[in-house]
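Each remark here refers to the structure printed beneath this line.
The sequence lines fix the lettering, A, B, ..., with proteins before strands; numbering per chain opens at 1.
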Number of protein chains: 2
Amino acid sequence: MFSKACEYAIKACIFVAQSSIRNERVTPKQIAEEINSPVAFTAKIMQQLVKNNLVSSYRGAYGGFEIEKDRVAQISLSQIVSAIDGDKIFNGCGLGLDACSESHPCPVHHQYKTIRQDLQKLLDSTNLKQLALGIETGLSYLKT
Amino acid sequence: MFSKACEYAIKACIFVAQSSIRNERVTPKQIAEEINSPVAFTAKIMQQLVKNNLVSSYRGAYGGFEIEKDRVAQISLSQIVSAIDGDKIFNGCGLGLDACSESHPCPVHHQYKTIRQDLQKLLDSTNLKQLALGIETGLSYLKT
DNA sequence: TTTAATTCGGATATTTTTATCTTATTTATT
DNA sequence: AATAAATAAGATAAAAATATCCGAATTAAA
Ligand code: FES
Ligand code: FES
């Protein structure tokens with residue numbers, strides 16, 4: 001469904017969000033530890049998230065990554081997925097035709113469209129605040 | 001969502017089904033032509049489908065691939081997807097945790113579970129006969 | 001001003017997926 | 001028996017995804 005990079009990105013964002021709510025910046029090392037991911041690869045992904053304006057970074061001592069508190073509830077999963085995996089998942093053809101279209105549909109178009117829309121709705125309506133809260137209250141987990 | 005191999009497999013199966021209904025066997029070359037895929041790679045995928053008993057193959061002159069007419073309506077997309085991509089898509093964690101579980105859920109577990117189930121229902125309830133008919137009647141297309 | 005801690009960027013390495021090539025084997029027809 | 005047409009199987013290649021490494025730039029604090 002999502003690329004490994006995207007899975008890491010989502011989990012990383014949740015952890016950063018959770019920390020940011022507590023006014024704490026975090027380093028790639030801390031993130032990797034918390035979400036059980038390779039450090040350097042995670043750092044690369046964080047750079048992409050910064051470029052896409054989903055996460056803020058601060059260099060030097062006492063630096064690290066954070067998400068502005070006010071924005072935590074505004075950042076949806078779909079934004080993160082788009083930033084890392086692009087939007088093929090939201091508008092691409094399920095069978096890999098060059099484009100998904102009503103006028104030249106693939107055999108599974110009608111079925112697939114529904115799933116795709118449901119997925120988008122879901123990712124649109126799920127934000128980092130909700131997810132961070134789930135972790136905070138011990139209802140869900142970022143690693144095994 | 002699906003791997004390239006799986007996309008090819010689904011399209012190939014639809015074409016083979018359509019041909020089988022007309023009592024015609026098809027070669028990898030014909031399949032590749034029809035679904036716009038690399039021949040040799042497609043041939044490899046056909047082998048996997050044969051191993052998984054979804055498609056029958058016949059060597060030698062007048063050989064090729066076919067699906068027993070009676071089985072066309074019994075073969076669902078989920079069987080094809082399982083054969084090529086495995087069942088991670090049906091029961092794996094959306095964020096890549098080792099296992100998806102109610103007692104140790106990832107942050108998106110509840111949301112993701114719904115999508116996953118909807119997808120499975122859909123793939124379970126869609127069979128090759130329906131899809132081949134769509135192609136046959138010009139309602140859908142296997143390539144751009 | 002030095003130091004330590006940090007992100008950034010580019011180069012490189014490894015693994016997986018996608019794709020190709022080549023040879024062997026099977027089979028119907030001639 | 002020979003031939004031609006086909007799948008099977010294994011080796012190899014190319015591309016993409018995943019992962020690592022290292023040096024440069026930045027920054028707060030000592
Ligand atoms: S054309 Fe394939 S999903 Fe729309
Ligand atoms: S634990 Fe992640 S989807 Fe169920």
V26(B)-L142(B) co-clustered via ILVMFWY side chain contacts under 4.5 Å: yes
Within the structure shown, what part of the strands sits under 4.0 Å from Y62(A) by heavy-atom distance: base, sugar-phosphate, or nothing? sugar-phosphate
Between D124(B) and S76(B): side-chain donor-acceptor atoms closer than 3.5 Å: no
Can you label the angle between the Y8(A) ring and the F41(A) ring as parallel, tilted or perpendicular, going by 30° and 60°? perpendicular
With sequence neighbours left out, write down each residue that passes side chain to side chain contact (heavy atoms under 4.5 Å, CB included) with A12(A), or none if nothing qualifies. I31(A), I35(A), M46(A)
Applying a 4.0 Å non-hydrogen cut-off, can you work out what G63(B) is touching in the nucleic acid: base, sugar-phosphate, or nothing? sugar-phosphate
Nt span of DNA chain D in reach of chain B heavy atoms at under 4.0 Å, 5' end first, is dA5(D) to dA11(D)
Can we say R71(A) and E66(A) salt-bridge, meaning some charged N sits less than 4.0 Å from an Asp/Glu carboxylate O? no
Taking only heavy atoms on the protein side, list every residue of residues 13-38 of chain A lying under 4.0 Å from any atom of DNA chain C, sorted numerically. V26(A), T27(A), P28(A)
Using a cut-off of 6.0 Å, state whether more than 12 heavy atoms not belonging to E24(B) lie near its atom CD. yes
Short of 4.0 Å, heavy atom to strand atom, which residues of residues 43-59 of chain B count as contacting DNA chain C? K44(B), R59(B)
Got a second to check how far N36(A)'s CG is from Y141(A)'s OH, nearest 0.5 Å? 16.0 Å
Hey, what do you get for OG1 (T27(B)) to NZ (K29(B)), rounding to the nearest 0.5 Å? 7.5 Å
Taking the basic N atoms (NZ, or NE/NH1/NH2) and the acidic carboxylate oxygens, is any pair closer than 4.0 Å for K113(A) and E102(A)? yes
Look at atom CD of E33(B) and say whether more than 12 heavy atoms of other residues, nucleotides or ligands are closer to it than 6.0 Å. no
Reading DNA chain D from 5' onward, which residue's closest nucleotide shows up sooner: G60(A) or T42(A)? T42(A)
Tabulate below the donor-acceptor pairs under 3.5 Å that side-chain atoms of residues 53-60 of chain A make, not counting sequence neighbours, or state none.
none

Can you list, in residue-number order, the parts of residues 82-98 of chain B that come under 4.0 Å of DNA chain C, counting heavy atoms only? none
